[in-house]
Structures are given as C-alpha cells and as structure tokens.
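What follows is a single structure, written as structure tokens, with notes after it.
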Amino acid sequence: LRALEKDGIIIHCTDRPLPIGCVHGAIDWDRRFEHMQQHSGEHIFSGLVYRHFGFHNVGFHMGRDAITMDFDGVFTMEDALAIEREVNGAIWHNVPVTVFYPDAKARETLDYRAKKAIEGKLRLVRIEGYDLCACCGTHVSGSAQIGMVKFLSAKNFHEGTRLELLCGKRAVRYLSDVYAKAKEAAVMLSTSEDNLAEFTGKILQENQRLKTKISSLQEQ
C-alpha cells in the first residue's frame, strides 16, 4: 500500500488485489464531527432563509476552508447577518436534530425542503422549529453541538446569491485568527482592536492629504 494526500484526505492505494480476509476501518472522528457541524449549521441557515424569504438552496459545497450555499433569490448582507443571529439563537436553545422516514401518506402532509423530486424511500432531517429537509448526510443530534455559525460573504451569483459560512470549530478558528491579526495591527498602530477601523480611516485620510500636498509641491 502507498498513501496519497488529496485535499487533506489520506488515500491508500495498491497496485495488486488485497488478500481475502477481515479489514479494519476507523472513522476520523474529528473530521467527521467537523463536517456534521458544517452540515447541520447549513440546514438551519437554509431553513430560515426559506422561511423568511422563500428562497431555495439550489447548491451546497463543503470546502476545506468554508461552505458555500447558492440561493435562487437575492438578499443583502444585512439580511444574511440577521439570519446568522437567528441561527446562533437556535444553537443556544439546543433544539433536537432527528432523522425519520415518513411513509407515502405522511409525506403528503409534510412541508419539507428538497432540491428535486424523490422517488421511493425518503430520509428527512428535522431540526425542531427551524428546518425539515430531505437529506442523506451526517448531522449532530442537538443544535448546541454546532457551537456557532459565522457568515462571511454574500455575492450575486446566477441571478441569485452565493453565501460563505463557517460553523463550529471552523468558525472559532477563523475568529481567533482574525482577532490575533487585529491585535497585531492595533499594537503596531498604538491603538485598541475596537478602535482599529476608525484609526485606520484617519490614517488613510491623512495619507491622502499628504499625497495631495506632495503632488502640489512637485508641480510647483
């Protein structure tokens, strides 16, 4: 066997048949749980977007750094931040996350999200009070296990909106990194982190004033 790494995943390859017998497999639990956090956080976010705006989640990708979600409608940064606050409220309330398989009769009475029509057995994931979605992925058992969500960006995409989001451990790592960089910049500028934007604005204004003065002196 030889080991290859692709996108942070270790893949074991062989150039000959494996011997017949027992094979032992183990889940990388840290990686699995991180994915569970991302997926469950996305469910609540998408469920609330659907409730408040009627937009459908038509695309979802879990990247190494962040997850992206594509919605078939346009909304603002302020709208996304409002949804973020509501999602974190759902996390703090620790609502249950359950999976069930409704029969054909029960399906007719359920208002659930799905990207396409589903034939045969249906697996629904319910986050109590926030979302009901057809999904075959892995999820946490209670919303508190998501930890937190942090919305990063929104941009127009194919007549809709593409959002970037972080959940759980990823959100904590990102905010810790951003705070460390803000702290470093504040020390260099002899100000505080909460005053960094205002102080930087004043520096830019002064820089522009000096550029204008230098330009005038050069012209003279």
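Bear in mind the structure is a predicted one, so any value in this text is a computation, not a measurement. Along the sequence shown, residues carry numbers from 1.
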Could you go through the side chain to side chain contact (heavy atoms under 4.5 Å, CB included) check for T161 and F53 one step at a time?
CA-CA 12 Å; T161 307; F53 302 101; over 6 Å; no

H158 and V58: CA distance, side-chain angles, deciding distance, side chain to side chain contact (heavy atoms under 4.5 Å, CB included) verdict:
CA-CA 11 Å; H158 289 254; V58 294; over 6 Å; no

Please report the C-alpha distance between F33 and I27 in whole Å, then the side-chain angles of each, then the deciding distance to 0.1 Å, and finally whether the side chain to side chain contact (heavy atoms under 4.5 Å, CB included) criterion is met.
CA-CA 10 Å; F33 185 67; I27 292 173; over 6 Å; no

Let's go through R209 and E206 carefully: what are the C-alpha distance in whole Å and the side-chain angles of both, what is the deciding distance for salt bridge (Lys or Arg N to Asp or Glu O under 4.0 Å) to 0.1 Å, and is it a yes or a no?
CA-CA 5 Å; R209 187 187 70 80; E206 177 64 9; 2.6 Å; yes

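Connection of M69 to L166 is not established within any shared hydrophobic cluster, with ILVMFWY side chains joined at heavy-atom distances below 4.5 Å, either directly or through further cluster members. When hydrophobic clusters are built by joining Ile, Leu, Val, Met, Phe, Trp and Tyr residues whose side-chain heavy atoms come closer than 4.5 Å, directly or via intermediates, F157 is not grouped with V74. Under a hydrophobic clustering in which Ile, Leu, Val, Met, Phe, Trp and Tyr are joined whenever their side-chain heavy atoms come within less than 4.5 Å, directly or via other members, V99 and F60 fall into the same cluster. Cluster membership check: I127 shares its hydrophobic cluster with F151, using side-chain heavy-atom separations under 4.5 Å among Ile, Leu, Val, Met, Phe, Trp and Tyr. Under the 4.5 Å side-chain heavy-atom criterion for Ile, Leu, Val, Met, Phe, Trp and Tyr, M148 and W92 are members of distinct hydrophobic clusters.
No more than 12 heavy-atom neighbours from other residues, nucleotides or ligands sit within 6.0 angstrom of CG on D65. Residue H93 places its NE2 atom among 12 or fewer non-hydrogen atoms of other residues, nucleotides or ligands, all under 6.0 Å distant. Other residues, nucleotides and ligands place no more than 12 heavy atoms under 6.0 Å from the CD atom of E159.
Side-chain N or O atoms of Q145 include none that pairs as donor or acceptor with a backbone N or O of V140 at under 3.5 Å. Side chain of T191 to backbone of A186: no donor-acceptor contact under 3.5 angstrom is found. Between the side chain of D79 and the main chain of T76, a donor-acceptor pair closer than 3.5 Å is present. Remark: side-chain polar atoms of R162 are not paired, donor with acceptor, to backbone N or O of D70 under 3.5 angstrom. Checking side-chain atoms of S40 against main-chain N and O of I146 turns up no donor-acceptor pair under 3.5 Å. At least one donor-acceptor pair closer than 3.5 Å links the side chain of T212 to the backbone N or O of Q208. At distances below 3.5 Å, at least one donor-acceptor pair connects side-chain atoms of R123 with backbone N or O atoms of G137.
You'll find the side chain of E84 reaches within 4.5 Å of the side chain of L81, heavy atoms only. Using a 4.5 Å heavy-atom cutoff, the side chains of N57 and V49 are not in contact. Side chains of I214 and L217 form no contact here, defined as non-hydrogen atoms less than 4.5 Å apart. Side-chain contact between K211 and S215: absent, with no pair of heavy atoms (C-beta onward) separated by less than 4.5 Å. Between W29 and M36 the shortest side-chain heavy-atom distance falls below 4.5 Å. Considering only heavy atoms from C-beta on, D30 comes within 4.5 Å of K169 through its side chain. No side-chain heavy atom of V97 sits under 4.5 Å from any side-chain heavy atom of Y130. In this structure the side chain of Y174 reaches within 4.5 angstrom of the side chain of V178, judged on heavy atoms.
Here the options are H35, H43, E42, Q37, the test is side-chain hydrogen bond (donor to acceptor under 3.5 Å, both in side chains), and the partner is H139; only H43 passes. With F55 as the partner, the ring-ring contact (aromatic ring centres under 6.0 Å, His included) test is satisfied by one option alone out of F75, F71, Y50: F75.
Taking 4.0 Å as the cut-off between side-chain N and carboxylate O, D28 and R32 do not count as a salt-bridged pair.
Among residue pairs with one or both ends in residues 105-119, those qualifying as side-chain hydrogen bond (donor to acceptor under 3.5 Å, both in side chains) are R113-D131; sequence neighbours excluded.
Evaluation of the side chain to side chain donor-acceptor pair (under 3.5 Å) rule for E128 yields no partner, not counting sequence neighbours. Legend: residues meeting salt bridge (charged side-chain N to carboxylate O under 4.0 Å, His left out) with E193, ordered by chain and number and at least two apart, are K183.
To the nearest 0.5 angstrom, E34 atom CD is 4.5 Å from R173 atom CZ.
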